[in-house]
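A short worksheet on the structure shown next.
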Amino acid sequence: KVKKSSFSRIKVREPDTFDGKDPEKLWTFILQCGLNFKVDRDYFSDENRQVLFAISYLCGSAQEWFQDGLDSDEVPAWFNNFEQFVAKLVANFGPHDEECTAEDQL
C-alpha cells in the first residue's frame with residue numbers, strides 16, 4: 001500500500017501587505033493573492049471573498065482608497081468582481097506606462 005501524505009494541500013505563503021508606495025510590488029501582491037485562490041478554489045469560488053481577502057492585505061494609502069469606496073452608500077462594482085478590483089489597484093497604484101509617459105513628454 002502507498003502511504004498517504006500527511007499534507008492535504010499545498011501550503012502557499014500569504015501575500016505581503018501592499019501599501020501603494022512601491023508600484024513595482026503590485027504584481028507580486030496580485031500573484032500571491034491568485035496563488036491563494038488557486039490552492040483553495042472552493043473557498044475562493046466567490047469573487048467577493050477574493051476581494052475581501054486582498055483588501056485585508058492592503059495598508060496605508062491603498063487601504064484608504066478602497067475604504068473610501070466601501071464607506072459609500074452604494075456597493076462599488078469592484079467589490080464583487082476581482083478583475084475590476086485589480087483594475088482599480090493598477091489604475092491607482094500600479095507602475096506607470098513608461099511608453100505613454102515618454103510620448104506625453106514629447
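Quick caveat, the model's predicted, so the values are computed rather than measured. Each residue takes its place number in the sequence, starting with 1.
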Checklist outcome for this item: d(E47 CD, F37 CZ) to nearest 0.5 Å is 9.0 Å
Checklist entry - Any luck finding a side-chain donor-acceptor pair between Q50 and D46 under 3.5 Å? => result no
Checklist outcome for this item: The single option from N48, L70, N80 that satisfies side chain to side chain contact (heavy atoms under 4.5 Å, CB included) with V75 is N80
Checklist outcome for this item: Of all heavy-atom pairs linking F93 and G20, the shortest is CD2-CA, 3.7 Å
Checklist outcome for this item: Value for CZ (R49) from OH (Y43), rounded to nearest 0.5 Å, stands at 4.5 Å
Next on the checklist: Can you confirm whether V39 sits close enough to F44 that some side-chain heavy atom of one is under 4.5 Å from a side-chain heavy atom of the other?
Outcome noted: no
Item to check | D40 (side chain) donor-acceptor with N36 (main chain) under 3.5 angstrom | outcome: no
Checklist entry - Are F79 and L52 side-chain neighbours, meaning at least one heavy-atom pair lies under 4.5 Å? => result yes
Next on the checklist: Restricting to side-chain hydrogen bond (donor to acceptor under 3.5 Å, both in side chains), what partner residues turn up for N81, sequence neighbours left out?
Outcome noted: none
Item to check | Contact summary for C33 and P15, nearest pair of heavy atoms | outcome: SG-CG, 3.8 Å
Checklist entry - Is a donor on one side and an acceptor on the other found under 3.5 Å between the side chain of Q32 and the backbone of D16? => result yes
Checklist outcome for this item: In short, F29 meets A54 closest at the heavy-atom pair CZ-O, 3.4 Å
Checklist entry - L26 pairs by side chain to side chain contact (heavy atoms under 4.5 Å, CB included) with which of L31, V90, V86? => result V90
What side-chain donor-acceptor pairs closer than 3.5 Å can you find for residues 55-66, not counting sequence neighbours?
from, atom 1, to, atom 2, distance (Å)
S56, OG, F53, O, 2.6
Y57, OH, E14, OE1, 2.5
S61, OG, D19, O, 3.1
W65, NE1, N92, OD1, 3.4

Next on the checklist: Apply side-chain contact (heavy atoms from CB on, under 4.5 Å) to residues L89 and F18 and explain how you reach the verdict.
Outcome noted: CA-CA 10 Å; L89 263 177; F18 179 74; 4.2 Å; yes
